[in-house]
Engineer: 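Just passing along the structure, written as structure tokens.
Values reported hereafter were calculated over all heavy atoms of this structure, with side chains retained and with hydrogens, waters and symmetry mates removed. Predicted model only: the values in this text are computed from it and were never measured. By convention in this document, chain letters (A, B, ...) are assigned in the order of the sequence lines, proteins followed by strands, and residues within each chain are numbered from 1.
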Amino acid sequence: MKLSQYLLATLKEAPNDAETASHKLMIRAGMIRKVAAGIYNFLPIGLKVLRKVENIIREEMNSAGAIEVMMPYVTPADLWEKSGRWNIYGKELLRFKDRADRDFCLGPTHEEVVTDLVDKEIKSYKNLPITIYQIQPKFRDEIRPRFGVMRAREFIMKDAYSFDIDENSADLSYKKMFEAYNRIFERCGLEFRAVEADSGNIGGSFSHEFMVLAETGEDLIMVCDECDYASNIETTPVVFTQDDLNQKKHEKNSGAGREMPENKIEKVSTPSCITVEEVSDFLKIKINKIVKTMILSTNQGIEAVLIRGDHELSLTKYKKNRDLEFADLATNEEISKINTVKGFSGPVNLDINIFADNELRNMTSYVTGSNEKDFHLLNVNHEKDFKIKGFLDCRQSVDGDVCPGYPDFTLRSTRGIEVGHVFKLGTKYSDSMKAGFTDKNGKDMNFYMGCYGIGVGRVVAAAIEQNNDELGIRLPSNLAPFEVIVIPTDTKNEKVMNVAIKIYDNFLKNGYDVALDDRPDSAGIKFKDSELLGIPIQITIGPKSLEKDTVEFKERDSMKKNEFKMDDIEGLLNLANEKIR
RNA sequence: CGGGGUGUAGCGCAGCUGGUAGCGCACCUGUUUUGGGAACAGGGGGUCGGAGGUUCGAGCCCUCUCACCCCGACCA
């Protein structure tokens, strides 16, 4: 590619609204431009990198036996009504009507379409298992798109769906995809972890997220450095060691600074102390001696959950462990209906079902709200002062918690960018959409399904987030926009240009993705652009080097330079081959 | 959706107390340059996000509105 005839749109400064390294660099390198919030143009450089990621994904999908198709991203409402998601999916689903007033939406994911497709084409167990995939735009009307293509509303996604005759077979399909994902992200040069995750809106029983470890990640994950345990903080189980469970030490140590024996509830004034921090400060009582009472609105009615003051409730875990369809913080109206006051709720004389985090089991004589404005209670004890309907694991994991893999190890929190997600769906969609096949006994069965997504643009952004320096992007050579750039520093110097073109032609002939920077600009601009774009190999030809009959070979990664005789094309090709192939 | 903020040239920004809209970079022409974002000379480019209002006069004040950004809630 001759850059004088290319669309290279590099910028010295990034627009103000770019925050993360990858967002800034992708704009500065002329990879993307914003069209509207969360909607982007991919310029040639960006598209090249995107395609390289796509091709890695495609190769690994194909070699895992998946078959490529393309489905429409405008999808009719009736498919979504069939699965029941037309009403469940929130505003994230962009809906609209066609000229005949029929409902449609932009596909945020394609379970419905693919299930319908496979149901129509596959009739017999003999044609199963099958995994099909596509690489195609998706649209989700995100509440808050941000960080460029990291969280965009329109984005390119690889989505694959497996169809099996039974659960065992489905597990094999899942495993194949899981392994393909590991290979894909390894080939993209990413530092990542596969973590256990919640399956959320898509449903299903089991799932893993592939997380690229990065400071700017939007997800918190808990990892164990000793074993390879990792999980999204939304789901990380809190386990207790046997020691913890046996010990009675809590009885002595968790009192709220008052004498134990009488255990008499004492009402104290706590004017305007709404948060646990305020209560803690005002009463001079440690925050972990306070118990928060959170009022939740669920499909089983209004209920309360007790959490130790220094812990956070995980609604995801609560929903799962209580087996609820939905659970949300109660509204102000709901709270006042049960005769309590926001900020001063407590379990004593509270006439609704009360659940508690496991951590409460061994706590005694703690502080709670009084259900009366500006008052809290000291020396509250469950069993004695109120009844707990059940204990469950529903707090968010924190640093130092016991590793669920090995009780001797502890967990540490870190941030991650979710680049891929694999789900075991079971028969959720095939049941609701009545999609199935005839088994070998001639019986009608529903498909066992799995679905597997990769955010292609997000992989690009994550790779840049992990691979950059003060000069710019530093992608691995299989993702870089070009492998080699040939820079003649003086385009008007005939000798320089002849040598440059000869080298360029030879790299082209040998199958390299090579650029010739024949723009009539000064050398400085060309060096800066090449380094900003992160082209792994830079070959410079200028009047200076030609005085010595040499050209210069520079690596972007180390910025190390090597000199070659200007006729030593073979030497250049060999070194390039060694470095990037 | 709640809280905060920003809209002035392609990008980054200045514009005081209301009085003829500016700077740097980028762009165009010419000349000289060409190994680290060149120099000189000349030039083009703006409904000051939009609508309405106050005023002799509004980029600046008032009202409404739109877009975008940040924090939160939310979300494969």
Engineer: Using the side-chain heavy atoms of A:E142, tell me which of these nucleotides is nearest: B:U33, B:G37, B:C75.
Structural biologist: B:C75
Engineer: To check you understand the geometry: which heavy-atom pair defines the closest contact between A:A18 and A:I27, and what is its length?
Structural biologist: CB-CD1, 4.3 Å
Engineer: With sequence neighbours left out, what residues match A:N493 under side chain to side chain contact (heavy atoms under 4.5 Å, CB included)?
Structural biologist: A:D490, A:K495, A:V496, A:P543
Engineer: Identify, residue by residue, the members of residues 543-550 of chain A with a heavy atom below 4.0 Å from RNA chain B, and return them in order of residue number, or none.
Structural biologist: A:K544, A:S545
Engineer: According to side chain to side chain contact (heavy atoms under 4.5 Å, CB included), who are the partners of A:N182, at least two apart in sequence or on a separate chain?
Structural biologist: A:F178, A:E186, A:F192, A:F210
Engineer: Give the B/S/- string for nucleotides 24-29 of chain B, one per nucleotide from 5' to 3', where a protein heavy atom under 4.0 Å of the base yields B, of only the sugar-phosphate yields S, and otherwise -.
Structural biologist: -S----
Engineer: Looking only at side-chain atoms of A:R146, point me to the closest of B:G72, B:C75, B:G36.
Structural biologist: B:G72
Engineer: How is A:D159 classified with respect to the nucleic acid when contacts are heavy atoms under 4.0 Å: base, sugar-phosphate, or nothing?
Structural biologist: nothing
Engineer: When you measure from the side chain of A:T540, which nucleotide among B:C74, B:G35, B:U34 comes out closest?
Structural biologist: B:G35
Engineer: Quick check: any donor-acceptor pair below 3.5 Å linking the side-chain of A:K561 to the base of B:G36?
Structural biologist: no
Engineer: Is it the case that more than 12 heavy atoms not belonging to A:N299 sit under 6.0 Å from its CG atom?
Structural biologist: yes
Engineer: As a quick check of understanding, evaluate side-chain contact (heavy atoms from CB on, under 4.5 Å) for A:E531 and A:K554, giving each step before the final call.
Structural biologist: CA-CA 11 Å; A:E531 282 141 19; A:K554 189 169 76 185; 3.0 Å; yes
Engineer: Does A:F104 CZ have over 12 foreign heavy atoms under 6.0 Å away?
Structural biologist: yes
Engineer: Can you tell me which nucleotide in B:C69, B:G36, B:C71 comes closest to the side chain of A:R144?
Structural biologist: B:C71
Engineer: With a non-hydrogen cut-off below 4.0 angstrom, is A:R519 in contact with a base, only sugar-phosphate, or nothing?
Structural biologist: nothing
Engineer: Just compare B:A38, B:C75, B:C13 and give me whichever is closest to any side-chain atom of A:N16.
Structural biologist: B:C13
Engineer: Donor-acceptor pairs are to be reported for all side-chain atoms of residues 446-461 of chain A against protein atoms at under 3.5 Å, with residues two or more places apart or in another chain.
Structural biologist:
| residue | atom | partner | partner atom | Å |
| --- | --- | --- | --- | --- |
| A:N446 | ND2 | A:D431 | OD1 | 2.7 |
| A:Y452 | OH | A:S162 | OG | 2.7 |
| A:R458 | NE | A:M150 | O | 2.7 |
| A:R458 | NH1 | A:E418 | O | 2.8 |
| A:R458 | NH2 | A:M150 | O | 3.3 |

Engineer: At under 4.0 Å between heavy atoms, what does A:Y452 touch on the DNA or RNA strands: base, sugar-phosphate, or nothing?
Structural biologist: nothing
Engineer: Does a donor on one side chain sit under 3.5 Å from an acceptor on the other, for A:Y318 and A:E303?
Structural biologist: yes
Engineer: For RNA chain B, find the residues of residues 27-43 of chain A with a heavy-atom distance under 4.0 Å and give them by number; none if there aren't any.
Structural biologist: A:R28, A:K34, A:A37
Engineer: Base, sugar-phosphate, or nothing: which does A:D490 touch, judged by heavy atoms less than 4.0 Å apart?
Structural biologist: base
